Every structure is written in structure tokens, then in C-alpha cells.
Enquirer: 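Quick one: structure below, then a few questions.
Only this structure's heavy atoms are used, side chains among them; waters, hydrogens and symmetry mates stay out. Quantities reported herein were computed from a predicted structural model and do not represent experimental measurements.
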Amino acid sequence: MSTATLESWAANHPVTAQDKAAMAAMRAMVEPNKGRLQGTSARAPFDEIMNRVKAPSEITFHEDKLGGVSGWWCRPAGVQSGQAIMHLHGGWFNWGTAQAFRHLVGHLASQAQVEAFIPDYRLAPEHPFPAAIEDSQVCYRELVNRGTRLIALTGDSAGGGLALALLSIITSSASFGGVKPVGAAVLSPVTDLTLGGQSWESRAAADPYFTQTQAAGLIKAYLGGTAATNPIASALYGNLAGLPSVRVHVGGDEVLFDDSRRYVERAIAAGVDAKLDVWEGMPHGFLGGIGNFNASTQALEAIGEFLVERFTETSA
């Protein structure tokens, strides 16, 4: 799916021949199961997929609780105190665990050379909105209470949407000890729970994983009776004024493409330093292909460079 015509605030990364061949092989394996992950029965197979992400070297992992919310730390050696990444994991608000995402987030921590915490926020349908965003706020507040003064938010998929919603909440609130995030970097965030993006149609065939019917069921389980346009549920409709720097990475073959594009467009209009990186030929969650796709390595490095920059500039 071509995205050659992009706005000035977006960067296009053409697919390499090597990635194109690897992606064709991957598609042959996953497309027969397109749209089949549904409900709570998908939790085990989803975690199995995430556990396959190549483990990073020289990262230690251990469990902890922040404000009563369980999760996992990913720690590079020799990190500075007072700095942290908080990563909100994907899984359409219904799936995913911190343990299953520890390898992916460990790569982010390694690139930034900053420790990262992954909360096990409560999942729908047992715990619908606003449980996940409430748990995220609890964790952030506890990081501040522990003396962490430089915090970056990251997230992928549904977790990317949660991270961006949390970014708006903290930026406009005085209840987090005055500690604002230094920035946010998200991968393929779910920002519009109305499923209103044109890419749900224009990229329906190109996306190897998701269907609109599948997503609608998962979102209904998450929202309960909450309106999909609630700005805390859908970051696209939130107050974006005054946000710190934001970087969004998305695959060119995603039905969620417009969730990224429209969010960055709105952030730019609100005066935010925001940028969209589009990775041609890549599907949802391609960062998990570290070691298999050039695009995964390059995107990871770009996110790491951005985080290093934000931690360095805000600590000066």
C-alpha cells in the first residue's frame, strides 16, 4: 500500500527488498488466521506471539508493584536513578501481559539506556473502561512518589492509545506532583474507538491481522457503555494543547494507519512537536520483528534516539 504523498510532518521509509521477501513469508503464515483472535480465549495465543520476540541482551527483568499495580521492570546495566520509561502494552484492551511484553520493551530500554516499567493494567471485559487508564495513572503517580523526575511514556497498539490519553491527562493536571512526561513515543496507537479512519477500508486487504468486525467486538467489551468519542478512551478527541514532543511510528499496511496519521495531524495543529514515521510494507506490531526485519531495527533505533534526546534535553 503506497503512502508516497505525505505531509511535511511525516517521514516515509520505503520497504527494503529483504523485508519485502520476509514479509511475504510471514503473510503466508498469519493471513489464514486473520481476524480470528477474539474474546478472552485469545489471551494465551496472543501472549505466545509476544513471547517470541527476540530477547534483548544485557537487560535484567524483575516483577514489582507500583501503587498496587503489578508489572515488570526491564533494566539495562548502570542506569541513572530518577529516570524511567513507562510502557503500556498492546492487546486491544482485552489481552496482553507485562511478562509477555518484557522482551519488546527491553529493547526500548536498551536503546534509551533507561529502565522501563510495564504495568499489568486491568483488562476488559472483566474490567472495562476506565480501569486501564486509572491503573496507568496510579503507576505514573507512584513513579513520581519514588522520586522519578524524568519519565517518558511509550506504548504499542491499544497501549499506545492509552499512553497518549495519559499524556493529555497528566499534561493538563496538577495532581501528579508537577512531574510532566518528557515526551511520548508510540507504535501504531489505537486513537479512535469509533473506527472512523478511512484506512479501515483502504487498507482492509493489505492488513494481515485485523478486521473491522473483530476490532469492534473488542472495543465494545472495553468501552461498556462509554461513548467511543470520550477523550480519555480515544486519544484523538483529547486536549492536545501543551503536550511535550510526540513520535508516532506506523506500518504502511495497517487498518490503523489513520489512527496514527490523524492524531499527529491534530497534534501539529495544536502546536505540538509531533512527527509521524511511516514504514512501507509493514503490518501492525512490526517492531516485534526485531532481528527479522530491517524496518524493526531502524524504527527501534529511531525511537531510542528520540528518547535519549528527550531525557538529555530535559535533564539539562
Enquirer: Per the salt bridge (Lys or Arg N to Asp or Glu O under 4.0 Å) rule, what does the pair list look like for residues 53-66, sequence neighbours excluded?
Expert: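 Applying salt bridge (Lys or Arg N to Asp or Glu O under 4.0 Å) to every pair that reaches into residues 53-66, excluding sequence neighbours, yields Asp64-Arg146.
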Enquirer: Side-chain contact, heavy-atom cut-off 4.5 Å: Tyr222 with Pro125?
Expert: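 The answer is no; the side chains never approach within 4.5 Å.
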Enquirer: Tyr209 and Pro283: which non-hydrogen atoms are nearest, and at how many Å?
Expert: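 Minimum heavy-atom separation between Tyr209 and Pro283: CE1-CB, 3.9 Å.
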Enquirer: Apply ring-ring contact (aromatic ring centres under 6.0 Å, His included) to Phe176 and list each qualifying residue two or more places apart in sequence or on a separate chain.
Expert: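 Only Tyr140 meet the ring-ring contact (aromatic ring centres under 6.0 Å, His included) criterion with Phe176.
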Enquirer: Could you state whether Leu193 and Tyr237 fall into the same hydrophobic cluster, counting links through intermediate Ile, Leu, Val, Met, Phe, Trp or Tyr residues with side-chain heavy atoms under 4.5 angstrom apart?
Expert: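 Same cluster: Leu193 reaches Tyr237 through Ile, Leu, Val, Met, Phe, Trp or Tyr contacts under 4.5 Å.
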Enquirer: What's the verdict on side-chain contact (heavy atoms from CB on, under 4.5 Å) for Phe129 and Ile219, showing C-alpha distance, side-chain angles and the deciding distance?
Expert: CA-CA 10 Å; Phe129 177 87; Ile219 288 170; over 6 Å; no
Enquirer: Looking at every non-hydrogen atom in both residues, tell me the closest pair between Ala132 and Ser136 and how far apart they are.
Expert: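 So the minimum-distance heavy-atom pair works out to O-OG, 2.9 Å.
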Enquirer: Check step by step if side-chain contact (heavy atoms from CB on, under 4.5 Å) holds for Cys74 and Ile118.
Expert: CA-CA 8 Å; Cys74 312; Ile118 318 162; 3.8 Å; yes
Enquirer: Look at atom CD of Gln198 and say whether more than 12 heavy atoms of other residues, nucleotides or ligands are closer to it than 6.0 Å.
Expert: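 It does not: Gln198 CD has 12 such atoms or fewer within range.
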Enquirer: Just wondering, more than 12 heavy atoms not from Gln80 lying within 6.0 Å of its CD?
Expert: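 Open: at most 12 neighbouring heavy atoms sit under 6.0 Å from CD of Gln80.
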Enquirer: Side chains of Val53 and Arg102: closer than 4.5 Å at any heavy-atom pair?
Expert: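 Not touching, per the 4.5 Å side-chain cut-off.
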Enquirer: Do Ile290 and Val308 share a hydrophobic cluster, counting only Ile, Leu, Val, Met, Phe, Trp and Tyr and linking them when any side-chain heavy atoms are less than 4.5 Å apart?
Expert: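 Ile290 does not cluster with Val308.
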Enquirer: Does the plane of the ring in Trp92 sit parallel, tilted or perpendicular to the ring in Phe210? Use 30° and 60° as the thresholds.
Expert: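 Taking Phe210 first and then Trp92, their aromatic rings stand perpendicular (interplane angle over 60°).
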Enquirer: Begin with the C-alpha distance, continue with both residues' side-chain angles, and end with the deciding distance and a verdict on side-chain hydrogen bond (donor to acceptor under 3.5 Å, both in side chains) for Thr213 and Thr211.
Expert: CA-CA 5 Å; Thr213 300; Thr211 68; 5.0 Å; no
Enquirer: Can you sort out the partners of Asp47 under side-chain hydrogen bond (donor to acceptor under 3.5 Å, both in side chains), two or more places apart, ordered by chain and number?
Expert: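 For Asp47, the residues satisfying side-chain hydrogen bond (donor to acceptor under 3.5 Å, both in side chains) (neighbours in sequence not counted) are Thr97.
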Enquirer: Quick one: does Ile151's side chain get under 4.5 Å of Ile85's, heavy atoms only?
Expert: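 Ile151 vs Ile85: side chains apart.
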Enquirer: Do you know the tightest heavy-atom contact between Leu240 and Ala235?
Expert: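 Of all heavy-atom pairs spanning Leu240 and Ala235, the closest is CD2-O, 3.9 Å.
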Enquirer: Looking at Leu223, is its backbone amide N or carbonyl O close enough to the side chain of Thr226 to form a donor-acceptor pair, meaning the two atoms are under 3.5 Å apart?
Expert: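 Answer holds: yes.
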Enquirer: Is it true that Arg52 and Glu48 make a salt bridge, defined as a side-chain N closer than 4.0 Å to a carboxylate O?
Expert: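 Salt bridge present between Arg52 and Glu48.
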Enquirer: Are Arg262 and Asp192 close enough for a salt bridge, meaning some N to O gap below 4.0 Å?
Expert: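 Yes, this pair counts.
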Enquirer: Roughly how far, to the nearest 0.5 Å, is CG of Leu150 from OG of Ser81?
Expert: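 CG of Leu150 is found 10.0 Å from OG of Ser81.
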Enquirer: Do Trp279 and Val250 come close enough that some side-chain heavy atom pair is under 4.5 Å?
Expert: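 Counting from C-beta outward, Trp279 and Val250 never come under 4.5 Å.
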Enquirer: For Asp277 and His13, which I'm curious about, is there any donor-acceptor pair between the side chains at under 3.5 Å?
Expert: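 Result is yes, a qualifying pair exists.
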Enquirer: Below 4.5 Å, heavy atoms only, C-beta onward: do Val144 and Thr148 meet side chain to side chain?
Expert: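 Counting from C-beta outward, Val144 and Thr148 never come under 4.5 Å.
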Enquirer: If hydrophobic clusters are built by linking Ile, Leu, Val, Met, Phe, Trp and Tyr wherever their side-chain heavy atoms come under 4.5 Å apart, do Ile59 and Val79 end up in the same one?
Expert: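 Different clusters.
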Enquirer: Quick check: Phe61 with Trp72 (ring centres under 6.0 Å apart)?
Expert: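 Between Trp72 and Phe61, the centre distance exceeds or equals 6.0 Å.
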Enquirer: Check the pair His103 / Met50 against side-chain contact (heavy atoms from CB on, under 4.5 Å), numbers first and verdict last.
Expert: CA-CA 8 Å; His103 291 165; Met50 295 311 305; over 6 Å; no
Enquirer: Is there a path of hydrophobic side-chain contacts, each under 4.5 Å between heavy atoms of I/L/V/M/F/W/Y residues, joining Val138 to Leu153?
Expert: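 In one cluster with Leu153: Val138, no.
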Enquirer: May I ask you to decide whether Arg27 forms a salt bridge with Asp253, counting only side-chain N to carboxylate O separations under 4.0 Å?
Expert: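 A salt bridge is present here (some side-chain N lies under 4.0 Å from a carboxylate O).
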Enquirer: Side chains of Cys139 and Met86: closer than 4.5 Å at any heavy-atom pair?
Expert: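 A side-chain contact exists here, since the closest heavy-atom pair is under 4.5 Å.
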Enquirer: Start with the C-alpha distance between Leu187 and Phe286, add both sets of side-chain angles, then the distance that settles side-chain contact (heavy atoms from CB on, under 4.5 Å), and finish with yes or no.
Expert: CA-CA 9 Å; Leu187 179 71; Phe286 71 92; 3.7 Å; yes
Enquirer: Find out whether Leu123 and His127 are in side-chain contact, i.e. whether some heavy atom of one side chain is under 4.5 Å from a heavy atom of the other.
Expert: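 Not touching, per the 4.5 Å side-chain cut-off.
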Enquirer: Side chains of His249 and Ser188: donor-acceptor distance under 3.5 Å anywhere?
Expert: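 The criterion, which ignores hydrogens and geometry beyond distance, is not satisfied for Ser188 and His249.
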Enquirer: Calculate, to the nearest 0.5 Å, the distance between atoms CG and CG belonging to Asp273 and Leu243 respectively.
Expert: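 If we round to the nearest 0.5 Å, Asp273:CG and Leu243:CG are 11.0 Å apart.
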Enquirer: Do we see a donor-acceptor contact under 3.5 Å between the side chains of Ser172 and Asn239?
Expert: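 Side chains of Ser172 and Asn239: no pair found under 3.5 Å.
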Enquirer: Is a donor on one side and an acceptor on the other found under 3.5 Å between the side chain of Trp95 and the backbone of Gly39?
Expert: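 Yes; at least one donor-acceptor contact below 3.5 Å.
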Enquirer: Spell out, as yes or no, whether a donor-acceptor pair under 3.5 Å connects the side chain of Thr154 to the backbone of Ala185.
Expert: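 Such a contact is absent between Thr154 side chain and Ala185 backbone.
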Enquirer: Taking everything shown except Glu134 itself, do over 12 heavy atoms lie less than 6.0 Å from its CD?
Expert: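 Correct, the count exceeds 12.
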Enquirer: Test your reading of the model: is there a side-chain donor-acceptor pair from Thr194 to the backbone of Gly196, 3.5 Å cut-off?
Expert: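 Side chain of Thr194 to backbone of Gly196: a pair is present.
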Enquirer: Would you say that Tyr263 contacts Pro189 through its side chain, given a criterion of any heavy-atom pair below 4.5 Å between the two side chains?
Expert: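 When only atoms from C-beta onward are counted, Pro189 and Tyr263 do not touch, as no gap falls below 4.5 Å.
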Enquirer: Are Glu126 and Arg43 within salt-bridge range, i.e. N to O under 4.0 Å?
Expert: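 Yes, Glu126 and Arg43 are salt-bridged.
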Enquirer: Between Ser173 (side chain only) and Ser175 (backbone N and O only), is there a donor and an acceptor less than 3.5 Å apart?
Expert: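 Yes; judged by distance alone, with no hydrogens or angles, the pair exists.
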Enquirer: Heavy-atom count around Lys20 NZ within 6.0 Å, excluding the residue itself: above 12?
Expert: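 No, NZ of Lys20 has 12 or fewer neighbouring heavy atoms, counting only those of other groups under 6.0 Å.
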Enquirer: Are Ile303 and Val278 linked, directly or through other ILVMFWY residues, by side chains that come within less than 4.5 angstrom of each other?
Expert: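 Ile303 clusters together with Val278.
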Enquirer: Set out, in order, the CA-CA distance, both residues' side-chain angles and the distance that settles ring-ring contact (aromatic ring centres under 6.0 Å, His included) for Tyr121 and His89, then state yes or no.
Expert: CA-CA 9 Å; Tyr121 59 81; His89 69 74; 4.4 Å; yes
